[in-house]
Every structure is written in structure tokens, then in C-alpha cells.
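Below you'll find the structure, written out as C-alpha cells, and then a few comments.
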Amino acid sequence: MTVTLARAHGTPCPTAVVDARTLPEAEPELLARLTELRATLVDHGAADVLKNALVQPSRHPLFDLDYRFVQSLPDRLDSFDLRGSCGHSILAAVEAAARTGMIQPLVPGCRVRVNVLNNGDNVVCETEETSDGGTRFTAHFLCSPPRPVRELLITGDPVTGIPFEGRMVPVSLVSMGNPYIFVDADELGVPTVDELFADDLALFDRMTRLRRAVCEAQGWDTGGAFPKVAALLPDALGTLAVRAISVPSWHPTVALTGATCLAAGAAIEGTVPHLLSGHTEQSHSGMLALRTPGATIRVSARTTGGPHDRRLAWVSVAEKQVDYRGRFLPARTSQELSWLPLTA
């Protein structure tokens with residue numbers, strides 16, 4: 001098994017990038033190997049690595065990489081969620097694939113086309129700048145053909161009422177990249193940005209319980225990593241303050257898929273992101289600024305069509321830095337698995 005570590009700025013942990021050609025395709029055998037990898041990471045002081053990117057040269061002629069994301073869950077070494085994707089891990093996978101010779105070296109202006117096997121996403125990773133230690137990207141999430149924006153609404157409605165703490169809390173359930181629950185933080189008793197960004201365990205618990213209530217109301221599994229949840233507040237015209245939960249803690253910024261999902265949600269009239277961002281009529285190339293505890297992220301959503309036939313063409317997030325951590329090969333010595341660091 002060939003494993004490389006890379007970490008995108010603003011993500012909770014590094015990604016273990018694994019050459020999928022060295023793994024079995026059948027799910028039980030695959031998960032057994034990933035359990036072995038997880039145990040080895042824990043044994044070598046890398047228990048925080050909860051993201052796995054399985055990549056190989058694409059079998060599709062229109063793509064460079066086939067990518068599959070597996071989220072390690074912190075409760076057990078053999079607990080995983082295979083349903084969603086991770087934009088930061090896509091960038092980490094591209095960085096690792098280029099450094100290890102799986103794809104062409106990255107140079108400014110080049111584009112790597114990624115086929116996301118988890119959900120069918122088409123992602124183009126455009127290189128902005130390279131250095132010995134990493135790469136800065138713009139990530140483009142493409143809809144081909146453009147998707148009617150209302151198809152992104154999981155329940156078909158911009159706002160869905162969820163029974164929670166004895167009342168109905170309005171949320172928007174949007175799926176673009178990953179499924180997300182968006183809620184006005186004021187509905188959770190947090191009216192200011194300073195309070196939203198505080199390390200408030202009561203807010204974390206309330207958001208976690210709201211996520212569970214949404215899953216129960218929709219008949220979804222409550223134990224996995226998806227859907228994710230984010231609380232929002234208006235910060236200025238076209239700007240949202242965002243606090244998101246990752247696995248298993250606060251996200252230091254917001255997931256790349258969360259940023260794209262928010263931009264897509266803001267393009268749909270009547271959703272929580274649309275109302276809070278102050279957009280009365282989203283432009284064809286709507287720029288949205290997302291202020292988070294760790295950084296401000298600017299995301300652009302390109303839509304086509306009129307007010308009653310709006311379609312999403314693509315969402316782009318710029319200036320995403322990825323640091324290359326190095327390549328490792330597990331090698332068996334006696335009966336134990338050890339790590340042999342290699343020079344990239």
C-alpha cells in the first residue's frame with residue numbers, strides 16, 4: 001500500500017492519499033485494509049488523520065484522476081463513511097499524485113480533471129502557484145450540463161421546518177458536493193458573530209443535536225459524517241459569517257464542499273443562505289464572501305437562465321494552499337507494519 005500525506009490549509013487534518021491500484025476493489029476487503037492503515041497511523045502518532053483519498057489514473061478519457069473519498073470516524077478504528085466527498089482532500093490528492101508521478105508535474109496554469117467516484121462530481125483543480133513545499137489551487141466544481149438550482153434542494157423546498165427543542169426550526173437542506181444543513185445561528189440563540197465564533201460547547205452541542213433531529217426527520221443515518229451542519233449570520237451585503245462542524249470537532253474554517261454548497265444555496269431564492277447574504281437577485285456570476293474563525297473565503301457561483309429557470313454551471317473557490325507532507329510506504333518487518341519515509 002502506497003500512502004502519501006498532504007494537508008490543505010483550513011482543513012481539520014491531513015489527508016492520507018492512497019494509490020487505489022494497491023487496494024482491493026471489494027468493499028469488505030477494502031475496509032479491512034483501511035482499518036489496518038488507520039491502526040498504523042494511530043500507532044505512529046497520526047491519529048488525527050481522519051481523511052482518506054483513494055486515487056489512480058482515471059479510466060475515463062475526459063479525466064486525469066479517479067478519486068474516492070473515505071472518512072474515518074473517530075469512534076472505532078474500523079468505522080468509516082464512504083458516502084460523501086471532501087474538496088480539501090481532492091486538492092491534497094492532486095498534490096500527492098503529482099509529487100509521486102501518478103500524473104504530470106504541476107505548473108502554474110495547468111488543470112487536473114478529477115472524477116469523484118463517490119457522487120459523480122467533476123472537479124477541475126487549476127494550479128495558481130507551486131513551490132517545493134506545496135501548491136496553491138483554484139478549485140472549480142462543474143455541473144455538466146448546468147443543473148436547475150432547485151434540484152439542489154434535498155426536500156424540494158428552500159426552507160424546511162424541523163421539530164427541535166419544542167418548536168419548528170427553519171433550515172435549508174442543500175446538496176452540492178456534499179449535503180449540508182444551513183441554519184440561521186439566531187435560531188440557536190446566537191445573535192452575534194463574536195458569539196458564533198466563540199468556542200461555545202453549548203452551541204456545538206445544539207448544532208450536533210439539530211443535525212441529529214434533521215436526520216431523524218428525514219429518515220437518514222444519524223451515525224455517519226453526512227449531512228454536515230453550518231450555522232450562519234449576515235456579516236455584510238454578500239458576506240456570511242459561517243461556523244461549521246467537522247469530524248469530530250469545530251471546523252477551523254469551512255469545508256471546500258461546504259463553501260461550494262453555500263454558494264449554490266445562496267443562488268436559490270428563499271433559502272437561509274440567500275436571505276442572510278442579502279442577495280435579492282443573484283447575479284449570473286455571484287461572488288459570496290464567507291467569513292470563518294480561521295479565514296475569509298471567497299467563492300464564485302456561475303448561474304445561467306432567468307429567475308424561474310436558474311441553472312448552476314459551476315462554483316469556484318480560489319487561493320487554496322496545499323502543503324506536501326511526504327510519501328511513505330508501509331513495509332513489513334517480522335510481523336509488524338513499519339513506515340519507511342521516501343524522498344518525494
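Numbering of residues begins at 1 and proceeds along the displayed sequence. Worth saying up front: this structure is predicted, and the values here are computed from it rather than measured.
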> Which is it for V116 and F69 under the side chain to side chain contact (heavy atoms under 4.5 Å, CB included) test, yes or no, and what are the steps along the way?
Replying inline: CA-CA 8 Å; V116 182; F69 177 67; over 6 Å; no

Do [X] and [Y] share a hydrophobic cluster, counting only Ile, Leu, Val, Met, Phe, Trp and Tyr and linking them when any side-chain heavy atoms are less than 4.5 Å apart?
X: Y67; Y: V317; result: yes
X: V193; Y: I245; result: yes
X: L91; Y: M102; result: yes
X: F141; Y: L153; result: yes
X: V214; Y: V229; result: yes

> Is the number of heavy atoms from other residues, nucleotides or ligands under 6.0 Å of R298 CZ greater than 12?
Replying inline: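 For R298, atom CZ is not crowded (no more than 12 foreign heavy atoms under 6.0 Å).
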
> Does the pair L82 and R68 meet the rule for a side chain to side chain contact (heavy atoms under 4.5 Å, CB included), with working shown?
Replying inline: CA-CA 8 Å; L82 292 78; R68 187 181 187 188; 3.1 Å; yes

Would you check if the side chain of [X] reaches a backbone N or O of [Y] as a donor-acceptor pair within less than 3.5 Å?
X: R243; Y: L196; result: yes
X: R7; Y: T11; result: yes
X: R147; Y: A313; result: no
X: T192; Y: E195; result: yes
X: S172; Y: F182; result: no
X: D81; Y: R83; result: yes
X: T239; Y: D235; result: no
X: E128; Y: G109; result: no

Taking atom types as modelled, is there a side-chain donor on [X] or [Y] under 3.5 Å from an acceptor on the other?
X: K320; Y: H9; result: no
X: S58; Y: D64; result: no
X: D19; Y: T2; result: no
X: T253; Y: T292; result: no

Might you point out which heavy atoms bring [X] and [Y] nearest each other, and give the distance in Å?
X: R111; Y: Q104; answer: O-NE2, 4.0 Å
X: T260; Y: M176; answer: OG1-O, 3.7 Å
X: M207; Y: A231; answer: CE-N, 3.7 Å
X: S277; Y: L288; answer: CB-CD1, 3.8 Å
X: P293; Y: V242; answer: CD-O, 3.7 Å
X: L65; Y: A97; answer: CD1-CB, 3.9 Å

> Would S300 and S316 satisfy side-chain hydrogen bond (donor to acceptor under 3.5 Å, both in side chains), going step by step from the backbone distance to the final call?
Replying inline: CA-CA 5 Å; S300 177; S316 296; 6.0 Å; no

Once rounded to the nearest 0.5 Å, what's the spacing between atom [atom1] of [X] and atom [atom2] of [Y]?
X: R136; Y: Q321; atom1: CZ; atom2: CD; result: 7.0 Å
X: I90; Y: K51; atom1: CD1; atom2: NZ; result: 11.0 Å
X: L276; Y: L232; atom1: CG; atom2: CG; result: 6.0 Å
X: S249; Y: D199; atom1: OG; atom2: CG; result: 9.5 Å
X: R38; Y: L73; atom1: CZ; atom2: CG; result: 9.0 Å
X: F137; Y: C125; atom1: CZ; atom2: SG; result: 6.0 Å

Does the side chain of [Y] come within less than 4.5 Å of [X]'s, by heavy atoms?
X: P12; Y: P248; result: no
X: R311; Y: C143; result: no
X: Q218; Y: L173; result: yes
X: L54; Y: V70; result: yes
X: P170; Y: D184; result: no
X: C261; Y: S175; result: no
X: Y180; Y: P273; result: no
X: L312; Y: R302; result: no

> Going through the checks in order, is the salt bridge (Lys or Arg N to Asp or Glu O under 4.0 Å) test met by R167 and E187?
Replying inline: CA-CA 10 Å; R167 61 192 181 91; E187 295 283 350; 3.1 Å; yes

>> Listing request: all ring-ring contact (aromatic ring centres under 6.0 Å, His included) pairs with a residue in residues 220-253, at least two apart in sequence or in separate chains.
In response: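 Of all non-adjacent pairs touching residues 220-253, those that pass ring-ring contact (aromatic ring centres under 6.0 Å, His included) are F204-W250.
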
>> Before you tell me yes or no, could you show the steps for E95 and R99 under salt bridge (Lys or Arg N to Asp or Glu O under 4.0 Å), namely the whole-Å CA-CA distance, both residues' side-chain angles and the distance that decides it to 0.1 Å?
In response: CA-CA 6 Å; E95 175 75 5; R99 298 277 178 174; 2.8 Å; yes

>> Using the rule side chain to side chain contact (heavy atoms under 4.5 Å, CB included), only one of V123, L106, V17 pairs with V94; which is it?
In response: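 That would be L106; it is the only one of V123, L106, V17 passing the side chain to side chain contact (heavy atoms under 4.5 Å, CB included) with V94.
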
> Parallel, tilted or perpendicular: which fits the ring planes of F63 and H60, with parallel below 30° and perpendicular above 60°?
Replying inline: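 Perpendicular.
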
>> Before you tell me yes or no, could you show the steps for T15 and S89 under side-chain hydrogen bond (donor to acceptor under 3.5 Å, both in side chains), namely the whole-Å CA-CA distance, both residues' side-chain angles and the distance that decides it to 0.1 Å?
In response: CA-CA 6 Å; T15 294; S89 290; 2.7 Å; yes

> side chain to side chain contact (heavy atoms under 4.5 Å, CB included) between I154 and V174: does it pass, once the steps are laid out?
Replying inline: CA-CA 6 Å; I154 296 172; V174 184; 6.0 Å; no

> For R209, what residues pass the salt bridge (Lys or Arg N to Asp or Glu O under 4.0 Å) criterion, not counting sequence neighbours?
Replying inline: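 R209 satisfies salt bridge (Lys or Arg N to Asp or Glu O under 4.0 Å) with E165, D205 only.
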
> How far apart are the C-alpha atoms of H274 and V272, what are their side-chain angles, what is the distance that settles it, and do they pass the side chain to side chain contact (heavy atoms under 4.5 Å, CB included) test?
Replying inline: CA-CA 5 Å; H274 178 271; V272 172; over 6 Å; no

>> For S85 and D121: C-alpha separation, side-chain torsions, deciding distance, then whether side-chain hydrogen bond (donor to acceptor under 3.5 Å, both in side chains) applies.
In response: CA-CA 9 Å; S85 181; D121 276 358; 5.3 Å; no

